[in-house]
Amino acid sequence: MGKVCPVRVTRRTFVGVCLAAGGSLVLSSCAARKEPMPTGTARFATGNSGGGYATYGSTLSGLLGEVTGAKLTTVETAGSVENLRMLTARTADLGLSLADSAHDAWQGVGSFSSGALRFTALARIYDNFVQVVVKPSAGLTSFEDLQGKVVSVGPKNSGTAVIADRLLKAAGITVQRRYLDLREAVHGLEADGGKEHVDALIWSGGLPTKPISDLQSTVGVQLIDLSGVGQRLASTPRSGYALSSIPLSTYQTDRPVTTIVVPNYLLARRDLSDAWVWWTLNTMFRRQDDFAAASVEAGSLDIRTAIATTPIPLHPAAERWYRDQHV
């Protein structure tokens with residue numbers, strides 16, 4: 001019996017399955033047999049240690065190595081803004097970015113007012129949730145209560161810092177900013193006074209973000225509701241933001257909390273070879289169960305929404321991959 005492609009599409013199963021002899025389903029792409037393997041070494045700009053980007057990147061890198069034998073080296077960075085600049089400078093081949101930062105770079109505004117940048121997209125991969133975290137004992141119940149407080153706003157040149165800045169401006173408040181990575185911010189929230197102490201941390205990441213989950217065993221976790229300021233941001237034309245909520249089960253809080261969400265993109269430099277792009281996408285979807293086992297955000301990968309990267313154009317090889325899957 002010959003192979004027939006595709007058989008079925010589900011969120012957690014590769015869409016290019018083939019019906020093998022004997023009727024069993026084999027997770028393999030029919031088109032993969034004619035695609036040349038990537039060669040050499042590529043660089044993947046991810047994020048800071050302990051964050052979702054770093055885990056996502058290292059997991060995908062390992063899976064791609066298993067599938068193709070090619071070496072994808074991950075580079076820990078400050079996050080979105082730095083990654084976008086690295087792609088344009090060709091010091092990175094692949095990179096992760098929040099959609100709002102990518103849109104700013106494409107239009108040459110905000111952190112990229114010195115000039116628009118150009119790059120391509122492979123996929124919209126998952127949504128980030130803005131998380132404003134304080135100690136339950138701090139007595140801080142609204143975003144406006146952060147006025148004058150010491151607040152971690154994420155590393156400089158990160159997507160978190162971009163969102164934090166917009167939240168603070170929309171709320172009309174001033175804080176003592178600390179540009180900390182996630183692990184430093186968590187340590188600062190745990191600290192009882194001293195120069196390392198922070199009153200709150202702002203973070204943009206998938207749910208749950210493990211270092212924030214771990215806070216439950218030390219100082220506890222309370223999330224600030226962003227209904228008011230979040231609505232102001234979400235209603236801004238072409239902002240890329242939307243209102244959502246963080247379920248109470250995420251961090252064992254006493255209630256769900258309204259926040260804003262923003263998509264994440266997997267991007268590439270414009271002249272990255274078709275082989276690297278095609279096999280990266282093929283691996284992400286074909287090995288999604290393995291991917292999600294190590295990176296919880298990978299469980300949100302959905303072929304139906306992955307192509308929604310406008311105005312960032314898909315890389316030609318990515319367009320071809322999705323077309324092969326009848327998307």
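This is a predicted model, so every value here is computed, not measured. Side chains are part of it too, since the values below use all heavy atoms of this structure and drop only hydrogens, waters and symmetry mates.
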Return the minimal non-hydrogen interatomic distance between Leu146 and Leu140, and the atom names on each side. CD2-CD1, 4.0 Å
Any side chain to side chain donor-acceptor pair (under 3.5 Å) pairs touching residues 68-91, not counting sequence neighbours? Thr77-Asn83, Arg85-Asn157, Arg90-Asp271
Starting from Val296, walk the hydrophobic network (Ile, Leu, Val, Met, Phe, Trp, Tyr; side-chain heavy atoms closer than 4.5 Å) and list everyone else you reach, by chain and number. none
Hydrophobic cluster mates of Leu84, side-chain heavy atoms under 4.5 angstrom, ILVMFWY only, any path? Val81, Leu87, Trp106, Phe112, Leu117, Phe119, Val162, Tyr265, Leu267, Ile312
Heavy-atom pair of closest approach, residues Phe285 and Ala306: CZ-CB, 4.1 Å
Transitively linked via ILVMFWY side-chain contacts under 4.5 Å: Ile303 with Leu314? yes
I'd like to check the side chain to side chain donor-acceptor pair (under 3.5 Å) partners of Glu319; sequence neighbours left out, ordered by chain and number. none
Side chain to side chain contact (heavy atoms under 4.5 Å, CB included) partners of Ile125, counting only residues at least two apart: Tyr56, Leu96, Ala123, Asn264, Leu266, Met284, Leu301
Using the test side chain to side chain contact (heavy atoms under 4.5 Å, CB included), find all partners of Ala161 that sit at least two apart in sequence or belong to another chain. Ser158
Does either side chain, that of Asp93 or that of Trp276, offer a donor lying less than 3.5 Å from an acceptor on the other one? no
Contacts of type side chain to side chain contact (heavy atoms under 4.5 Å, CB included), residue Glu196, not counting sequence neighbours: His187
I'd like to know if Tyr126 and Ile307 are part of one continuous hydrophobic network [Ile/Leu/Val/Met/Phe/Trp/Tyr, side-chain heavy atoms within less than 4.5 Å]. yes
Hey, quick one: are Met86 and Val277 part of the same hydrophobic cluster, counting side-chain heavy atoms closer than 4.5 Å, chains of contacts allowed? no
Could you work out, with side chain to side chain contact (heavy atoms under 4.5 Å, CB included) as the rule, every residue matching Asp165, not counting sequence neighbours? Lys169, Arg177
I need the full list of salt bridge (Lys or Arg N to Asp or Glu O under 4.0 Å) pairs touching residues 114-141, with sequence neighbours left out, sorted by first then second residue. Arg124-Asp127
Please determine, by modelled atom types, if Asp145 and Thr141 share a side-chain donor-acceptor pair under 3.5 angstrom. yes
Closest non-hydrogen atom pair between Tyr53 and Leu98, with its separation: OH-N, 3.1 Å
Val132-Leu248 co-clustered via ILVMFWY side chain contacts under 4.5 Å: no
Which heavy-atom pair separates Asn48 from Ala54 by the least distance, and what is that distance? O-CB, 3.6 Å
Run the side-chain donor-acceptor check on residues 226-235: report pairs under 3.5 Å with partners two or more places apart or on a different chain.
{"residue": "Ser227", "atom": "OG", "partner": "Asp225", "partner atom": "OD1", "Å": "2.3"}
{"residue": "Arg232", "atom": "NE", "partner": "Ala170", "partner atom": "O", "Å": "3.2"}
{"residue": "Ser235", "atom": "OG", "partner": "Gln231", "partner atom": "O", "Å": "3.0"}
{"residue": "Ser235", "atom": "OG", "partner": "Arg232", "partner atom": "O", "Å": "3.1"}

With ILVMFWY side chains joined below 4.5 Å, transitively, what does Leu207's cluster contain besides itself? Phe129, Val133, Val150, Leu180, Leu182, Val186, Leu189, Val198, Leu201, Trp203, Ile212, Leu215, Val219, Val221, Leu223, Ile246, Tyr251, Val257, Val261
For Ser204, check side chain to side chain donor-acceptor pair (under 3.5 Å) against everything at least two apart and list the hits. Asn128
